[in-house]
Novice: 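My questions will all concern the structure given below.
Since the model is a prediction, treat every value here as computed from it, not as a measurement. Position 1 is the first residue of the sequence, and the numbers go up from there.
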Amino acid sequence: QVHLVESGGGLVQPGGSLRLSCTFSGGTFSDYVVGWFRQPPGKEREFVAASSWNGGNTFYGGSVVDRFTISRRNAENTVYLQMNNLKPEETGVYYCAADGRFGGGAWRDLGYKYVEIWGQGTLVTISS
């Protein structure tokens, strides 16, 4: 059974940076699209970023383009999300996601209901 564990969340000032990590276990990592969603308080879960099986294709939500970077290391079963120039409205729980059926484009265009596997989430708070 595939299991995802996030780390790296915390408190950061507006304009600051954080790097989230997600460790994958229980399957063949390169068989899965992996990525990140977030859920601000009181709002629906929204797509942030996704990576194809080898990192050759990446997808981003419109509000994070040019500030966030997703990367994966298949040899380490890990996916990362580098977040720069963070904004207070980006506060929320960040979830790692994996799916063996749909690609990152489906997540970006159709949303969280097309994700097969979720991590438990890590809280990111952007505040001064």
Side-chain angles (χ1 to χ4, degrees):
Q1 183 176 356
V2 171
H3 197 54
L4 303 172
V5 178
E6 302 96 333
S7 60
L11 173 65
V12 64
Q13 292 188 341
S17 298
L18 274 178
R19 188 195 198 200
L20 305 182
S21 302
C22 172
T23 302
F24 173 104
S25 62
T28 303
F29 186 53
S30 59
D31 285 347
Y32 290 81
V33 170
V34 289
W36 298 88
F37 285 71
R38 66 188 178 193
Q39 189 161 16
K43 296 185 179 181
E44 197 168 78
R45 199 168 294 192
E46 62 183 16
F47 173 73
V48 176
S51 172
S52 63
W53 71 274
N54 65 350
N57 290 313
T58 55
F59 304 84
Y60 293 94
S63 66
V64 308
V65 170
D66 295 330
R67 296 186 298 119
F68 290 16
T69 303
I70 187 170
S71 60
R72 65 187 293 168
R73 294 181 182 173
N74 284 357
E76 299 174 3
N77 286 0
T78 303
V79 57
Y80 302 96
L81 183 69
Q82 177 66 43
M83 305 185 293
N84 298 327
N85 192 20
L86 283 160
K87 305 174 182 180
E89 58 266 33
E90 296 181 306
T91 292
V93 179
Y94 283 66
Y95 294 93
C96 185
D99 199 287
R101 309 159 301 164
F102 298 105
W107 289 3
R108 180 194 59 199
D109 298 339
L110 302 175
Y112 68 91
K113 295 180 181 180
Y114 288 81
V115 171
E116 182 180 14
I117 303 160
W118 294 100
Q120 83 286 353
T122 185
L123 178 62
V124 173
T125 304
I126 300 102
S127 175
S128 56

Novice: Is R108 close enough and on-axis enough to Y60, meaning under 6.0 Å and within 45°, for cation-pi?
Specialist: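 Cation-pi check for R108 and Y60: fails.
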Novice: Any luck finding a side-chain donor-acceptor pair between Q82 and N84 under 3.5 Å?
Specialist: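 Yes.
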Novice: Do R19 and M83 touch side chain to side chain, with heavy atoms closer than 4.5 Å?
Specialist: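 R19 vs M83: side chains apart.
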Novice: Hey, are the side chains of W36 and L20 touching, using non-hydrogen atoms and a 4.5 Å cut-off?
Specialist: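 Contact flag for W36/L20 side chains = yes.
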Novice: Is there a side-chain contact between F29 and V34 (heavy atoms, below 4.5 Å)?
Specialist: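 Yes, close enough: below the 4.5 Å cut-off.
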Novice: Under 6.0 Å between ring centres: does that hold for F37 and W118?
Specialist: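 Here the rings of W118 and F37 have centres that are less than 6.0 Å from each other.
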Novice: Look at atom OH of Y80 and say whether more than 12 heavy atoms of other residues, nucleotides or ligands are closer to it than 6.0 Å.
Specialist: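 Above 12, so yes.
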Novice: Grab the two heavy atoms, one from A97 and one from V115, that are nearest each other, plus how far apart they are.
Specialist: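 For A97 and V115, the tightest heavy-atom pair comes out as CB-CG1, 3.6 Å.
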Novice: Any luck finding a side-chain donor-acceptor pair between E46 and Q39 under 3.5 Å?
Specialist: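 There is no such pair between these side chains.
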Novice: Does L110 share a hydrophobic cluster with F59, counting links as ILVMFWY side-chain heavy atoms below 4.5 Å and allowing steps through other members?
Specialist: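 Yes, one cluster joins them.
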Novice: Check for me, please, whether V64 and V33 land in the same ILVMFWY cluster - side-chain distances under 4.5 Å, paths through other members count.
Specialist: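 In one cluster with V64: V33, no.
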Novice: Quick one: do F47 and Y112 satisfy ring pair (Phe, Tyr, Trp, His ring centres under 6.0 Å)? Show the steps, please.
Specialist: CA-CA 7 Å; F47 173 73; Y112 68 91; over 10 Å; no
Novice: Does the side chain of E116 come within less than 4.5 Å of Y32's, by heavy atoms?
Specialist: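 SC-SC contact between Y32 and E116 confirmed.
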Novice: For D66, is the CG atom crowded, meaning more than 12 foreign heavy atoms sit under 6.0 Å from it?
Specialist: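 12 or below, so no.
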Novice: Does some side-chain heavy atom of L81 sit less than 4.5 Å from a side-chain heavy atom of F68?
Specialist: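 Yes, close enough: below the 4.5 Å cut-off.
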Novice: Please determine whether side chain to side chain contact (heavy atoms under 4.5 Å, CB included) holds for the pair R45 and Y95, giving the CA-CA distance in whole Å, both sets of side-chain angles, and the decisive distance to 0.1 Å.
Specialist: CA-CA 9 Å; R45 199 168 294 192; Y95 294 93; 3.4 Å; yes
Novice: State, with a plain yes or no, whether a side-chain heavy atom of L11 is found less than 4.5 Å away from one of S127.
Specialist: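 They are in side-chain contact.
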Novice: Indicate yes or no: at least one non-hydrogen side-chain atom of D99 is less than 4.5 angstrom from one of I117.
Specialist: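 Sidechains of I117 and D99: no contact.
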